[in-house]
Amino acid sequence: MDDVLRFALLGLGLGALYALTAHGIVLVYRGSGVLNFAHGAIGMAGAYVQWELAVHHGVPYWPATACGVLTSAVLGVLTHLLVIRPLRRASTLARLVGTLAVFIVLTAIAVKRYGDSLQLVPGKLPTRLLTIAGATVSEDRVWLLGIAIAVTAVLHLLYRHTLFGLGTTAVAENEGAAAALGWSPDLIAAGNWALGSALAGLTAILIVPVIGLSVTGLTTLLLSALAAALVGRFSSFPITLAGGLVIGVAQSELTRFGSGVTGLASSVPFLFIALVLVARGQALPLRGTFLDRLPALGTGRVRPIPLALAVVLALGLVSLSTPLWADAITSTLVLS
């Protein structure tokens with residue numbers, strides 16, 4: 001019985017981090033109607049900036065943390081301005097692919113600079129052992145749960161009782177009507193991208209002392225966060241928090257008691273997504289805009305001049321690059 005309670009408490013800390021990540025996804029979705037698949041990579045970038053400043057440049061922990069969070073926020077705004085906004089007349093699927101492109105670019109840059117080895121990062125949260133109802137758990141898990149509850153409460157109040165929150169709700173309901181009333185959909189979207197991405201950076205910085213710092217470790221948190229956001233219908237922060245906590249507890253318990261089945265704990269987010277989609281009878285929510293259109297087929301005609309220019313440029317890049325870059329460019333061209 002003590003093991004059940006102890007792993008449930010450990011799962012609450014992990015679930016709190018899932019919920020914080022999911023809140024960032026919900027913020028971006030409410031502001032711009034886009035499922036941001038680059039969310040984990042944006043948070044990963046902030047965590048690496050914080051780690052490099054603190055470890056390699058001697059910057060104190062909290063200023064380094066502020067720089068990491070700011071980096072994630074800036075990356076979020078740039079993603080909106082340079083990728084999502086130019087695709088506002090494209091299909092919803094095209095905007096999803098745009099966020100995947102940002103994910104690929106950020107992870108490739110991180111692997112190129114830092115590699116994909118696991119780094120052990122000390123945290124600032126207290127780590128002394130606490131005894132709760134006979135179960136022993138690290139104090140940082142309790143702090144993580146408290147932070148998640150506090151952030152959930154602040155976001156709930158912000159989007160219920162402030163002009164920014166009401167403007168975000170108006171844009172989410174009908175961009176055309178909100179624009180006619182003086183709300184700028186672009187400004188609202190940029191603000192939510194900044195806030196959601198800053199939350200991604202903060203969450204990544206908080207979680208690396210628990211799971212370690214690595215490129216793939218942080219980016220794969222996206223699946224669990226998406227499951228929690230789906231439970232909350234990409235709109236309710238309290239329900240998203242509850243979904244994240246349940247997923248965290250379920251994974252923790254299955255890690256302890258389901259060790260005989262390979263991958264059982266890792267499959268929990270998939271099971272939650274499948275169950276929610278089947279129960280609601282709906283696909284993932286994709287909010288369109290008044291400019292939205294379905295994906296279109298091309299004409300099929302090959303234009304020789306652009307094709308020749310592309311071939312010449314590709315051959316020039318490959319011939320003038322080092323062998324490492326030549327291999328990377330060749331692989332990119334083949335996949336594209």
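Predicted, not measured: the structure shown is a model, and the values here were computed from it.
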side-chain contact (heavy atoms from CB on, under 4.5 Å) evaluation trace for V83 with T99: CA-CA 8 Å; V83 179; T99 65; 6.0 Å; no
Candidate pair Y29 and F234, rule ring-ring contact (aromatic ring centres under 6.0 Å, His included), full reasoning: CA-CA 7 Å; Y29 177 79; F234 288 85; 5.2 Å; yes
Test side-chain contact (heavy atoms from CB on, under 4.5 Å) applied to I25 and N36, step by step: CA-CA 6 Å; I25 296 173; N36 181 21; 5.7 Å; no
Stepwise side-chain contact (heavy atoms from CB on, under 4.5 Å) check, L81 with V77: CA-CA 6 Å; L81 294 177; V77 174; 3.8 Å; yes
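Heavy-atom minimum distance, L245 versus L12: CD2-O, 3.5 Å. Pairing each heavy atom of A228 with each of G243, the nearest pair is CB-C, 4.1 Å. When all heavy atoms of G31 and I188 are compared, the pair lying nearest together is O-CG2, 4.4 Å. Between T21 and A225 the shortest heavy-atom distance is CG2-CB, 3.5 Å. Here the closest non-hydrogen pair linking A229 and V26 is CB-CG2, 3.9 Å. Closest heavy-atom contact between L222 and H39: CD1-CB, 4.0 Å.
Scanning for side-chain contact (heavy atoms from CB on, under 4.5 Å) contacts around T322 gives L324, W325, with sequence neighbours left out. Scored by the ring-ring contact (aromatic ring centres under 6.0 Å, His included) test, H161 finds no partners at all (sequence neighbours excluded). With sequence neighbours left out, the side chain to side chain donor-acceptor pair (under 3.5 Å) criterion links R303 to no other residue. Judged as a side chain to side chain donor-acceptor pair (under 3.5 Å), and not counting sequence neighbours, the contacts of H23 are T152. The side chain to side chain donor-acceptor pair (under 3.5 Å) check on Y61 picks up nothing, with sequence neighbours excluded. With sequence neighbours excluded, the residues satisfying side-chain contact (heavy atoms from CB on, under 4.5 Å) with V59 are L53, H57, P63, A64. The salt bridge (Lys or Arg N to Asp or Glu O under 4.0 Å) search around D327 returns none, not counting sequence neighbours. Residues passing the salt bridge (Lys or Arg N to Asp or Glu O under 4.0 Å) test with R160, sequence neighbours excluded: none. For W183, there are no side chain to side chain donor-acceptor pair (under 3.5 Å) partners two or more places apart in sequence or in a different chain.
Here the NE2 atom belonging to H80 is positioned 11.5 Å from the CG atom belonging to L87, to the nearest 0.5 angstrom. Distance check: T168 OG1 to R30 CZ gives 7.0 Å after rounding to the nearest 0.5 Å. Taken to the nearest 0.5 Å, the OH atom of Y159 stands 5.5 Å off from the CZ atom of F237. A distance of 13.5 Å separates CD1 in I247 from OG in S252, rounded to the nearest 0.5 Å. Taking OG1 of T240 as the reference point, atom CG of L20 lies at 11.0 Å (rounded to 0.5 Å). Within the model, atoms OG of S224 and CG of L14 stand 7.5 Å from one another, a figure rounded to the nearest 0.5 Å.
Taking the six-membered ring where the residue is Trp, Y48 and Y114 present parallel rings, their angle staying beneath 30° rather than reaching 60°.
The backbone N or O of F103 sits less than 3.5 Å from a side-chain atom of T107, completing a donor-acceptor pair.
Each salt bridge (Lys or Arg N to Asp or Glu O under 4.0 Å) pair with one or both residues in residues 50-60, not counting sequence neighbours, appears once here: E52-R113. For residues 177-200, the set of pairs meeting the salt bridge (Lys or Arg N to Asp or Glu O under 4.0 Å) definition, not counting sequence neighbours, comprises R85-D186.
Inter-residue side-chain proximity for L315 and S319 is flagged as unmet; no heavy-atom pair is nearer than 4.5 Å.
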Only pairs under 3.5 Å count here: list side-chain donor-acceptor contacts from residues 200-216, not counting sequence neighbours, and write none if there are none.
{"from": "T203", "atom 1": "OG1", "to": "L199", "atom 2": "O", "distance (Å)": "2.7"}
{"from": "S214", "atom 1": "OG", "to": "G217", "atom 2": "N", "distance (Å)": "3.1"}
{"from": "T216", "atom 1": "OG1", "to": "D116", "atom 2": "OD2", "distance (Å)": "3.4"}

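Side chains of T79 and W193: no donor on one and acceptor on the other come within 3.5 Å. Side-chain polar atoms of Q251 and Y18 form a donor-acceptor pair below 3.5 angstrom.
In terms of hydrophobic clustering, with Ile, Leu, Val, Met, Phe, Trp and Tyr side chains grouped at heavy-atom distances under 4.5 Å, L155 and I147 are assigned to a common cluster. Placement of L241 and L145 within a single hydrophobic cluster is found when ILVMFWY residues are connected by side-chain heavy-atom separations under 4.5 Å, directly or transitively. Cluster membership check: L27 shares its hydrophobic cluster with I239, using side-chain heavy-atom separations under 4.5 Å among Ile, Leu, Val, Met, Phe, Trp and Tyr. V34 and V105 end up in different hydrophobic clusters when Ile, Leu, Val, Met, Phe, Trp and Tyr side chains are linked at under 4.5 Å. Both W51 and W62 are part of a single hydrophobic cluster, where members link through side-chain heavy atoms under 4.5 Å apart.
Residue L313 qualifies as enclosed at atom CG: its count of foreign heavy atoms under 6.0 Å is above 12. Heavy-atom neighbours of L163 CG from other residues, nucleotides or ligands within 6.0 Å: at or below the threshold of 12.
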